[in-house]
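Each residue takes its place number in the sequence, starting with 1. We count ligands from 1, going down the list as the structure has it; atoms in each ligand are counted the same way.
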Amino acid sequence: MKKKLTLGIVVAMLMILGICACGSPQVQSSSDAPSAQSDASAAASDQPINWSPDTDCSMCHATEHSSLTDAAYLLANGHSDMQCTECHTDTGTLTDVHSKVTASDTKGAKRLKKTEVAKETCLSCHEADYTPEATASVTALTDSEGTTVNPHDLPTTSPDHETILCADCHTMHSTDTVEESAQSTCLGCHHAGVYECGTCHD
Ligand code: HEC
Ligand code: HEC
Ligand code: HEC
Ligand code: HEC
Ligand code: HEC
Ligand code: HEC
């Protein structure tokens with residue numbers, strides 16, 4: 001936010017300077033040409049990119065792009081043939097998110113703020129894999145009292161558990177292991193490292 005405001009001010013100042021330069025006959029013509037050129041390229045990189053699912057994503061989301069083929073990102077690597085928009089399906093919101101993005105905004109995004117990758121998207125290919133049996137022997141989710149929870153069979157007693165997405169554990173563009181991501185997902189609410197609340201809170 002702050003950055004954008006600053007950029008806006010700089011752009012506004014450049015525009016004012018540009019107008020002054022044009023209106024002023026004293027300006028040397030030798031310095032006019034390059035300044036007109038840099039004004040033009042500044043204007044081009046300042047234009048919204050007019051995002052669509054066919055836009056080349058890699059120039060701004062380099063990490064996510066390389067994660068699909070880099071062996072360090074084992075999970076994303078299993079999805080290397082996929083188009084970005086097969087998981088990032090919310091075209092309407094993504095068009096909105098990119099509506100003010102310009103060609104010079106190549107830093108991309110650090111996390112999903114306005115969209116999510118829904119369970120249904122993952123299940124459309126993995127229905128048969130998402131079974132309690134697939135994770136029956138996983139012990140990574142064991143709390144300080146020794147309670148072990150099967151990650152594909154979370155207790156249904158808390159509606160909060162329904163908000164947990166596949167990707168909260170199976171991150172796509174991170175090198176964290178599924179066990180690490182799963183544990184930190186639980187800790188997000190079970191902050192005391194115990195899979196209960198009522199023993200300490202009403
Ligand atoms: C010119 C640079 C650029 C291009 C090209 C681009 N993006 Fe982005 N993208 C951004 C920036 C900058 C943000 C952060 C916007 C913000 O938070 O205001 C972003 C945000 C996102 C987000 C986060 C959405 C959320 O939930 O907050 C996703 C997902 C995303 N882009 C996917 C894509 C995909 C897929 C493509 C290609 C079809 C693409 N982007 C092309 C710059 C770009
Ligand atoms: C278009 C189909 C498709 C979608 C959508 C998809 N995947 Fe996959 N996924 C695959 C394929 C193909 C593989 C590699 C082959 C395999 O091991 O099943 C794979 C591999 C995996 C693996 C590793 C499986 C193993 O045996 O080690 C996991 C975990 C996984 N995907 C989770 C997800 C999650 C979570 C999502 C949603 C964020 C998702 N997938 C979306 C097709 C898909
Ligand atoms: C609470 C964390 C968590 C959630 C939520 C979760 N998983 Fe898993 N999943 C795991 C763990 C842990 C494993 C075991 C990984 C291993 O053995 O390497 C696993 C294994 C898998 C596998 C590989 C299965 C195999 O046969 O090897 C797939 C595919 C998968 N999950 C898909 C999904 C999908 C799809 C969803 C959402 C509907 C989902 N998972 C939700 C933690 C989770
Ligand atoms: C198999 C599904 C899948 C594919 C394919 C995929 N993504 Fe993602 N993406 C996710 C998930 C899930 C997240 C949430 C964070 C995570 O899991 O790492 C995410 C997060 C993001 C974010 C937020 C920043 C971040 O790294 O967390 C951006 C930007 C993004 N993806 C862009 C892309 C682009 C660009 C491509 C294509 C080069 C792509 N994604 C391909 C599933 C996918
Ligand atoms: C969004 C918040 C949230 C997240 C994330 C979360 N939980 Fe919970 N969990 C709760 C709440 C709230 C309860 C209800 C506690 C109660 O009723 O006393 C609960 C209860 C439980 C219980 C006790 C259920 C029962 O009735 O016996 C277990 C076990 C548990 N969670 C395990 C987990 C595990 C494992 C994870 C990580 C995969 C996890 N939870 C993630 C909020 C959450
Ligand atoms: C082992 C005991 C213990 C367990 C179990 C526990 N908490 Fe806490 N919780 C605490 C303590 C101690 C604090 C700090 C209280 C304070 O600073 O006023 C706290 C603080 C909080 C706060 C912040 C409250 C505030 O007023 O700032 C929230 C919200 C909270 N816990 C929710 C939960 C939820 C939800 C669960 C279960 C998913 C849970 N806690 C499980 C002991 C526990």
Side-chain angles (χ1 to χ4, degrees), residues 1 3-4 7 44-70 73-142 148-155 161-190 195:
M1 218 19 165
K3 250 187 195 158
K4 266 188 200 155
L7 188 69
S45 63
D46 205 39
Q47 292 300 309
I49 54 169
N50 200 10
W51 189 90
S52 87
D54 300 325
T55 306
D56 175 11
C57 319
S58 63
M59 61 188 268
C60 304
H61 300 295
T63 310
E64 289 79 11
H65 177 73
S66 58
S67 74
L68 292 186
T69 49
D70 183 339
Y73 300 83
L74 285 173
L75 181 51
N77 205 10
H79 302 101
S80 55
D81 294 336
M82 287 174 66
Q83 296 298 313
C84 311
T85 47
E86 286 182 74
C87 282
H88 298 285
T89 54
D90 190 348
T91 306
T93 308
L94 284 175
T95 304
D96 264 15
V97 163
H98 292 92
S99 63
K100 295 214 175 77
V101 169
T102 66
S104 53
D105 290 340
T106 53
K107 288 229 173 88
K110 289 223 161 62
R111 58 191 176 86
L112 301 179
K113 284 189 280 190
K114 302 260 172 66
T115 61
E116 63 180 31
V117 179
K119 272 187 188 177
E120 290 69 29
T121 304
C122 312
L123 287 172
S124 69
C125 296
H126 289 294
E127 186 98 57
D129 306 318
Y130 183 63
T131 60
E133 291 75 36
T135 50
S137 59
V138 170
T139 54
L141 301 182
T142 303
T148 298
V149 173
N150 179 337
H152 283 189
D153 195 17
L154 299 180
H161 294 165
E162 280 158 35
T163 64
I164 297 173
L165 301 174
C166 313
D168 288 337
C169 297
H170 298 286
T171 53
M172 289 292 150
H173 312 299
S174 145
T175 52
D176 293 347
T177 65
V178 61
E179 288 83 5
E180 287 166 345
S181 300
Q183 285 161 352
S184 64
T185 296
C186 310
L187 279 176
C189 293
H190 293 285
Y195 298 148

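- Using a 4.0 Å cut-off between heavy atoms, Lys100 makes no contact with ligand 1 at all.
- Here His88 meets the criterion, with an N, O or S atom under 2.8 Å of atom 8 (Fe) of ligand 4.
- With a 4.0 Å heavy-atom cut-off, ligand 1 is reached by the backbone of Thr102 but not by any atom from C-beta on.
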Would you check, one step at a time, whether the test side chain to side chain contact (heavy atoms under 4.5 Å, CB included) holds for Thr115 with Leu94?
-> CA-CA 8 Å; Thr115 61; Leu94 284 175; 4.1 Å; yes

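- When all heavy atoms are compared, the tightest approach of Thr63 to Tyr73 is CG2-OH, 3.8 Å.
- The shortest separation from a heavy atom of Arg111 to ligand 4 is under 4.0 Å, placing the residue in contact.
- In terms of protein heavy-atom proximity, atom 2 (C) of ligand 4 is closest to Cys87 SG, 1.9 Å.
- The closest heavy-atom contact to atom 22 (C) of ligand 4, among the options Thr63, Thr69, Leu112, comes from Leu112.
- At a cut-off of 2.8 Å, His173 coordinates atom 8 (Fe) of ligand 4 through an N, O or S atom.
- Using 4.0 Å as the threshold, Ser52 has a heavy atom nearer than that to some atom of ligand 1.
- No N or O atom of Thr135 sits closer than 3.5 Å to an N or O atom of ligand 3.
- Taking backbone and side-chain atoms together, Cys60 has no N/O/S atom less than 2.8 Å away from atom 8 (Fe) of ligand 1.
- Counting backbone and side-chain atoms alike, His170 contributes an N/O/S atom closer than 2.8 Å to atom 8 (Fe) of ligand 3.
- Of all the heavy atoms of Leu68, the ones lying under 4.0 Å from any atom of ligand 4 belong exclusively to the side chain.
- The protein does not reach atom 17 (O) of ligand 3 closely, with no heavy atom under 4.0 angstrom from it.
- The presence of a protein heavy atom under 4.0 Å from atom 40 (N) of ligand 3 is confirmed.
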